[in-house]
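Since the structure is predicted, the reported quantities are computational estimates derived from the model, not experimental observations. Note on naming: letters A, B, ... go to the chains in the order of the sequence lines (proteins, then strands), and numbering restarts at 1 for each one.
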Amino acid sequence: MNDGPEDRLQRSGLVFFATLTASVTHELNNALSIVDQSGGLLGDLAAGVGSGIGIDPRRLETLQERIDRQVRKGVLILNRFNRFAHSLDKPERAFDACAETENLVALARRLAELKLVRLEYPPNTEEVRVCGSAFALQHGVFTCLQKVLEVSEEGDRIEVDVRRVGSEAVVSIVASAGCTAGDDDPSIRLLSCLMESLEGTHDVRSNESGGTSFELRLPLASGRGTAH
Amino acid sequence: MAKARVLLVDDEEDFTATLAERLESRGIDVDVSSNGPEAIDRVREKAYDALVIDLAMPGMDGIEATKRLLADNPDLQVILLTGHATVRKGVEAISSGAIEFLEKPADVNLLIGQIEKARANRVLLTEKRVEETITDILRTKGW
């Protein structure tokens, strides 16, 4: 297959979407399985009552709390995933890079947890508006996360942050694991294409503690596009 | 007949707590572990008729845990649970030595059927080991 850069971007975007979908649906299925078992247990208890066996009200309270917890968890995941899916609505618009990045980090956290790696996004109330494709930015951040997760081990840490620096929005991904990622690395080539599509730049370097730092720089929105 | 002994291994505490309660109400003796390494320690301390292990767990996944458990104790009967069963995962699960591969949410009666099957397998394997030991003793000792 002899695809152009745009075809390759589309294909890798589809893979990114599919990877997150698989992870999110797995999380949702886990929550639903617990609700399913809790419903089954309620049925068991009801059958017991039918046979004259009393129920300790605390057991019912525990079950209700369990179901509530899983429903809240499921709704939160669904809302985050819905927001992510809507990031594809418009190819170009003004958006808050902090909110979109935070949402992506939350959706990707399970993938880090499976490797016992802590993926963090420190609380940030700042709004940093940029213009372009929110999906492309999330794809870029996810590409960096996947790259460092490949080499991360139990106990490693990844911190993602978004700040306004001068006339730019700077997304930093700082990982405690060190990874070699030259310009010819497929992930870095992809990152380069994505940042180009956002009229931004990227930088990957080893930090003093032996870890890896990614920096994605995008121009701030200057009145173009419409806020979501 | 003694109760069947089962070890549930899953990092979702709400899942193991609920399923354990349902299995216990059906006369099964249930212990719970939240990860693979802890399950390996548990199996060293106590004999189980079946282990029910989640495939996707942080750190050591269900496939790796099954391989390690069976390396130490080849007669163990492992049932793997997964959120989304695919052919590839199913092949991986059975190749790892698991006797069964069930999709979540698992029907409790189906799971109990598999636990009973696991227990029967274990009894047969134990009897076979005893027979082999006796045959070996009779063959090697000069009585």
Side-chain angles (χ1 to χ4, degrees), chain A residues 18-19 21-49 51 53 55-56 58-74 77 109-119 149 152-156, chain B residues 6 8-28 30 32 34-38 52-65 79-89 92-93 101-113 115:
Chain A
T19 306
T21 305
S23 175
V24 164
T25 49
H26 197 102
E27 273 191 284
L28 285 174
N29 193 59
N30 273 345
L32 287 173
S33 296
I34 293 165
V35 173
D36 175 70
Q37 288 300 338
S38 304
L41 184 52
L42 275 175
D44 293 347
L45 294 173
V49 171
S51 314
I53 301 168
I55 307 176
D56 180 348
R58 279 173 302 185
R59 288 182 78 188
L60 292 177
E61 278 168 25
T62 304
L63 259 180
Q64 186 228 330
E65 284 164 11
R66 204 172 281 166
I67 292 169
D68 278 353
R69 191 161 46 238
Q70 294 305 321
V71 169
R72 279 199 304 274
K73 183 179 165 187
I77 297 166
R109 189 163 284 122
R110 175 179 171 268
L111 298 173
E113 283 172 355
L114 283 174
K115 292 198 79 173
L116 301 173
V117 172
R118 277 171 59 196
L119 173 56
L149 277 173
S152 295
E153 291 174 354
E154 179 176 349
D156 276 332
Chain B
V6 170
L8 287 182
V9 190
D10 196 313
D11 59 303
E12 288 279 358
E13 199 183 309
D14 279 349
F15 181 75
T16 48
T18 318
L19 186 55
E21 202 171 336
R22 296 195 76 196
L23 294 176
E24 277 164 356
S25 72
R26 287 162 172 81
I28 294 173
V30 183
V32 166
S34 62
N35 57 59
E38 192 184 296
V52 180
I53 306 179
D54 184 39
L55 202 124
M57 289 185 292
M60 189 188 293
D61 69 14
I63 299 274
E64 184 60 27
I79 298 162
L80 277 170
L81 286 181
T82 180
H84 298 279
T86 60
V87 173
R88 187 176 61 82
K89 278 186 190 170
E92 261 189 276
F101 182 55
L102 297 178
E103 197 166 14
K104 280 183 180 176
D107 177 81
V108 78
N109 293 321
L110 181 66
L111 181 60
I112 286 171
I115 290 169

Chain B interface, residue from A/Gly40, A/Ala112, A/Gly48 that has the most non-hydrogen pairs under 4.5 Å: A/Gly40
Under a 4.5 Å cutoff for heavy-atom pairs, which residue among A/Leu116, A/Leu45, A/Leu41 has the most contacts with chain B? A/Leu41
Give me a line-by-line list of donor-acceptor atom pairs from chain B to chain A that are under 3.5 Å apart, or tell me none exist.
from, atom 1, to, atom 2, distance (Å)
B/Glu12, OE2, A/Lys73, NZ, 3.0
B/Asp14, OD1, A/Arg69, NH2, 2.8
B/Asp14, OD2, A/Arg69, NE, 3.0
B/Asp14, OD2, A/Arg69, NH2, 3.1
B/Asp14, OD2, A/Gln70, NE2, 2.9
B/Thr18, OG1, A/Arg66, NH1, 2.9
B/Glu21, OE2, A/Arg59, NE, 2.9
B/Glu21, OE2, A/Arg59, NH2, 2.3
B/Arg22, NE, A/Asp44, OD2, 3.0
B/Arg22, NH1, A/Gln37, OE1, 3.0
B/Arg22, NH2, A/Gly40, O, 3.4
B/Arg26, NH1, A/Asp44, OD2, 2.8
B/Arg26, NH2, A/Asp44, OD1, 2.9
B/Gly59, N, A/Leu114, O, 2.8
B/Gly83, O, A/Asn29, ND2, 3.0
B/His84, NE2, A/Thr25, O, 3.3
B/Lys104, O, A/Asn29, ND2, 3.2
B/Lys104, NZ, A/Asn30, OD1, 3.3
B/Ala106, O, A/Gln37, NE2, 3.0

Across all chains, not counting sequence neighbours, the side-chain contact (heavy atoms from CB on, under 4.5 Å) partners of B/Ala106 are B/Leu81
